[in-house]
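In what follows, a structure is listed as structure tokens, so that the remarks can point back to it.
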4 protein chains.
Amino acid sequence: MVRRLTSRGLKRRDQLINYAASRFAENGFHPTSVTEIVNGLGVGKGVFYWYFDSKEEIFIEILRGAQRDLRRYQQKAIENESDPVARIEFGIRASIIWLANHPDFFTLLQFAATDEKFSRLIRAGEEIAVQDVAQHIREGISQGRIDEGDPLFLGHAILGVTNQLTRVLLFEKKRDPSVVADAVVRFALGGLRGFSGVIAAGAMGGK
Amino acid sequence: MVRRLTSRGLKRRDQLINYAASRFAENGFHPTSVTEIVNGLGVGKGVFYWYFDSKEEIFIEILRGAQRDLRRYQQKAIENESDPVARIEFGIRASIIWLANHPDFFTLLQFAATDEKFSRLIRAGEEIAVQDVAQHIREGISQGRIDEGDPLFLGHAILGVTNQLTRVLLFEKKRDPSVVADAVVRFALGGLRGFSGVIAAGAMGGK
Amino acid sequence: MVRRLTSRGLKRRDQLINYAASRFAENGFHPTSVTEIVNGLGVGKGVFYWYFDSKEEIFIEILRGAQRDLRRYQQKAIENESDPVARIEFGIRASIIWLANHPDFFTLLQFAATDEKFSRLIRAGEEIAVQDVAQHIREGISQGRIDEGDPLFLGHAILGVTNQLTRVLLFEKKRDPSVVADAVVRFALGGLRGFSGVIAAGAMGGK
Amino acid sequence: MVRRLTSRGLKRRDQLINYAASRFAENGFHPTSVTEIVNGLGVGKGVFYWYFDSKEEIFIEILRGAQRDLRRYQQKAIENESDPVARIEFGIRASIIWLANHPDFFTLLQFAATDEKFSRLIRAGEEIAVQDVAQHIREGISQGRIDEGDPLFLGHAILGVTNQLTRVLLFEKKRDPSVVADAVVRFALGGLRGFSGVIAAGAMGGK
DNA sequence: TATGAATGAGTATTCATTCAT
DNA sequence: GATGAATGAATACTCATTCAT
């Protein structure tokens with residue numbers, strides 16, 4: 001939808017995005033109806049469709065906004081650091097802090113990754129984040145600080161640890177963000193250094 | 001629902017579970033209708049509600065079955081191994097192989113974790129798996145093979161790496177299961193060993 | 001929609017078709033809502049969609065049924081007559097009688113011809129009727145009873161006269177069907193015989 | 001709505017009428033939204049409601065304008081002809097030429113005739129046109145050039161032939177307007193002369 | 001005159017679930 | 001055990017119209 005918005009319109013749009021995000025996070029995307037959103041805001045149904053073409057569209061806008069914001073936060077956390085391993089660490093810590101400050105978005109991103117309609121977007125965002133990390137990993141490898149290994153694999157591994165520990169420790173067990181971050185960093189940097197003595201590679205066979 | 005089923009009835013129930021699982025995996029839980037399931041099987045709607053109280057119930061049955069099956073597979077892979085680190089490795093490898101053989105269930109479990117209605121079940125299953133691993137981790141720590149650290153944290157970290165790399169490398173990038181397993185094991189065992197030189201713990205602060 | 005219907009189901013379907021036809025005829029297709037139809041029948045909304053995929057579909061069924069019925073009626077009126085001009089006359093009279101007995105369908109067919117979604121169907125039905133007449137016209141021409149002329153043009157001309165006089169005389173001015181039929185037949189057969197002295201063919205030019 | 005319009009305002013009004021007419025003709029009246037009209041013109045919604053009270057009103061304006069214009073065109077074609085049969089012929093030819101030059105209006109008039117909201121207007125317009133023709137028919141009868149018969153019936157018959165052949169031959173089969181006009185004139189004048197030997201008047205009976 | 005914003009009843013359609021047979 | 005039929009609340013979305021500026 002292309003619409004020239006006045007400042008009043010921009011405010012409305014933001015209001016819709018924020019409220020919808022909170023409802024989606026609490027109830028889930030499918031179970032949250034447009035009616036629920038507009039009623040919660042005390043506006044008519046047409047308002048919603050004045051700003052968005054569909055329920056899908058507003059969700060995508062929410063996701064994009066979250067991805068953009070998270071990425072900016074990560075980059076800002078890194079910008080003055082030249083050591084690649086430190087950049088990785090700072091990136092992890094920034095992510096966790098951002099997620100702690102935007103718990104709704106965490107839920108939303110997790111769900112979106114499982115829904116065919118949005119997963120492409122999430123994948124793309126993840127890929128960008130992983131590319132960022134991969135670059136630092138490559139530098140770390142060339143400096144001999146990180147063991148050889150596919151930087152993209154390693155980047156995804158870090159992402160996996162970060163997400164899982166954030167969900168469990170931060171959101172479920174309500175640990176302090178810095179505690180969570182310490183745990184993630186410890187595991188992730190250890191993982192990057194790798195483990196020479198793989199015991200039984202391929203030893204178990206398939207089905 | 002508790003119903004005494006004939007062997008024919010058991011077969012029907014299985015048929016429903018399997019077909020529903022494939023539909024849910026392909027379309028998502030919410031977008032898949034009961035009508036779609038019974039039509040796809042060429043039976044009437046009564047059949048569905050003879051065996052299950054609701055669409056939620058069949059989904060829960062699917063999830064439970066998947067969790068049970070995966071756990072059995074993991075345990076079988078471990079039963080003759082006494083070395084704790086090897087048990088961890090074998091557990092990881094077994095998980096990846098099982099997931100490779102049940103791609104539908106992977107999708108389903110991922111989604112279920114994000115839906116309030118099912119997440120409790122998923123969390124419980126995860127917790128059990130993590131407890132298993134934690135036990136090995138404890139042994140490993142006491143043998144001095146793994147660095148000090150909260151075994152539950154570490155268990156979740158392993159789970160996070162496994163899930164993420166399975167999704168990305170196995171399902172998206174179609175890598176061979178053994179390649180994926182090698183990557184996961186390498187990172188996980190490295191992560192367990194930890195990283196003594198955390199550079200900036202807590203240095204960045206919150207918002 | 002392909003559905004095996006019980007006799008109860010067939011009855012419901014008929015009921016829906018008949019009631020919907022009357023509503024469409026009275027209010028028009030667009031202004032008549034599915035809700036109005038099911039409420040008028042005192043059934044749930046699902047009933048409608050059990051038998052028809054859409055509002056369009058039921059309308060098409062109505063049109064098809066009307067076309068089929070009208071055609072049968074025309075053919076029955078003609079079957080024992082061998083004289084081609086008499087066949088034309090009998091066909092016209094039969095059409096008018098049928099329309100007099102199915103005033104709703106007349107309205108429906110007229111509307112359908114103007115709506116892109118249904119006009120193809122109406123055109124096809126008209127074409128069939130016109131082909132029938134054209135055959136008799138050809139015979140009439142070869143017997144020297146009808147002047148030379150494109151039989152399809154003439155068939156459409158007859159259709160036009162029939163429709164217009166039926167609408168105006170029969171439905172608006174409430175004339176007796178036989179009076180209407182006499183008027184149509186008189187004009188149509190005169191028109192078939194043609195007019196040798198066209199006064200100013202092409203004399204007026206285009207725009 | 002009565003509004004004193006500046007010349008700029010009159011232009012806007014015309015623009016709206018013309019564009020709306022083209023949309024209505026292409027999509028149908030009901031399916032065309034006011035939004036579609038104003039967006040297509042790149043103006044705000046207020047503009048529409050400044051000039052017209054409702055969507056119905058603009059449609060009625062369109063119809064009235066078309067009727068007025070057609071009637072003027074017919075009258076101009078006839079004004080210098082005194083022979084009644086020739087006046088009929090010229091009227092028919094003029095109508096077909098006008099319709100050929102205003103294909104949108106043809107569609108619109110056809111639809112309007114089927115919609116309760118507008119049919120009164122269309123009927124009135126038709127009645128005027130038919131009265132015009134009826135006058136010539138009466139003259140023709142008194143001159144012994146046209147057989148006895150109700151002039152209004154005959155007038156409607158001519159209208160029916162004209163409309164049907166225009167639709168089929170001109171718009172669907174893309175015949176040249178003069179060819180269409182020849183066919184209509186031939187049939188209409190033949191029809192006016194009538195057919196003495198009605199074979200089976202009333203012989204078939206009603207239901 | 002004109003705009004962007006807002007209204008809210010209305011639309012077609014879906015779907016989990018129940019019922020009668 | 002199983003079927004076709006029925007329910008009716010709910011859903012996403014539309015649209016003629018009005019309002020504030």
Side-chain angles (χ1 to χ4, degrees), chain A residues 3-13 30-39 42-57, chain B residues 3 5-6 8-9 12-13 30-38 42-58, chain C residues 3-13 30-39 41-57, chain D residues 3 5-6 8-9 12 30-38 42-58:
Chain A
R3 228 190 255 297
R4 205 113 11 109
L5 296 175
T6 63
S7 72
R8 180 191 175 200
L10 281 167
K11 228 171 259 174
R12 251 292 134 82
R13 208 185 110 102
H30 290 295
T32 300
S33 69
V34 174
T35 301
E36 188 184 337
I37 294 168
V38 295
N39 285 355
V43 299
K45 206 170 275 189
V47 170
F48 184 93
Y49 289 96
W50 177 257
Y51 294 98
F52 305 98
D53 275 333
S54 67
K55 198 176 125 181
E56 264 183 46
E57 202 198 78
Chain B
R3 227 191 254 296
L5 295 174
T6 65
R8 179 188 169 208
R12 254 288 135 86
R13 210 185 108 101
H30 290 294
T32 299
S33 70
V34 173
T35 299
E36 188 183 338
I37 294 168
V38 297
V43 300
K45 235 173 234 187
V47 170
F48 185 92
Y49 286 94
W50 179 259
Y51 293 100
F52 305 97
D53 275 336
S54 67
K55 195 176 130 183
E56 269 183 40
E57 202 198 77
I58 198 180
Chain C
R3 228 190 256 296
R4 204 113 12 110
L5 296 176
T6 63
S7 70
R8 181 191 176 199
L10 282 167
K11 228 170 261 175
R12 250 295 132 80
R13 210 186 109 102
H30 290 295
T32 299
S33 70
V34 173
T35 301
E36 188 184 338
I37 294 168
V38 295
N39 284 356
L41 247 28
V43 299
K45 208 170 272 190
V47 169
F48 185 92
Y49 288 95
W50 178 257
Y51 294 99
F52 305 97
D53 276 334
S54 66
K55 198 175 126 182
E56 263 182 46
E57 202 199 77
Chain D
R3 228 191 255 296
L5 297 173
T6 65
R8 178 187 169 210
R12 253 288 136 86
H30 290 295
T32 300
S33 69
V34 174
T35 300
E36 189 184 337
I37 295 167
V38 297
V43 301
K45 235 172 235 187
V47 171
F48 184 93
Y49 286 94
W50 178 258
Y51 294 100
F52 305 97
D53 275 336
S54 67
K55 196 176 130 182
E56 268 181 43
E57 202 197 77
I58 197 180

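Here is how names work: the chains are called A, B, and so on, in the same order as the sequence lines, proteins then strands, and each is numbered from 1. Keep in mind that the numbers below use all heavy atoms, side chains included, and drop hydrogens, waters and symmetry copies.
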B:Arg8 or C:Leu5, whichever maps to the more 5' nucleotide of DNA chain F: B:Arg8
Inter-nucleotide P distance (F:dT21, E:dT1), Å rounded: 23 Å
Residue closer to the 5' end of DNA chain E, C:Thr35 versus B:Glu56 (nearest nucleotide): C:Thr35
Minimum heavy-atom distance between D:His30 and D:Lys55, given as atom pair plus value: O-NZ, 3.3 Å
Sugar-phosphate, base or nothing in reach of C:Ser7, heavy atoms under 4.0 Å: nothing
Rounded distance (Å) that lies between atom P of E:dG10 and atom NE2 of D:His30: 16 Å
Test item: B:Lys45 side-chain N/O and B:Val34 main-chain N/O as donor-acceptor pair under 3.5 Å: no
Contact interval (first through last nucleotide) of DNA chain F with protein chain A, 4.0 Å heavy-atom: F:dT11 to F:dC15
C:Thr6: partners by side chain to side chain contact (heavy atoms under 4.5 Å, CB included), with sequence neighbours left out: C:Arg8
Given DNA chain E, 5'-ward residue of the pair A:Gly42 and B:Val34, judged by closest heavy atom: A:Gly42
Side chains of C:Leu5 and C:Tyr51 in contact at under 4.5 Å (non-hydrogen atoms): yes
Any B:Glu36 side-chain heavy atom under 4.5 Å of B:Pro31 side chain: no
Pairing partner of E:dA20 (Watson-Crick or G-U wobble, both distances under 3.5 Å): F:dT3
Greater than 12 external heavy atoms within 6.0 Å of C:Arg4's CZ: no
Euclidean distance, atom NZ of residue C:Lys55 to atom P of E:dG10 [Å, nearest integer]: 15 Å
Inter-residue atom distance C:Trp50.CH2 - C:Arg13.CZ, 0.5 Å rounding: 13.5 Å
Residue-level proximity of residues 43-51 of chain A to DNA chain F when a heavy atom falls under 4.0 Å: A:Lys45, A:Gly46, A:Tyr49
Whole angstrom value for the distance that separates P of E:dT13 from CD1 of C:Ile37: 11 Å
C:Phe52 CZ to C:Arg3 CZ distance, which is reported to the nearest 0.5 Å: 11.0 Å
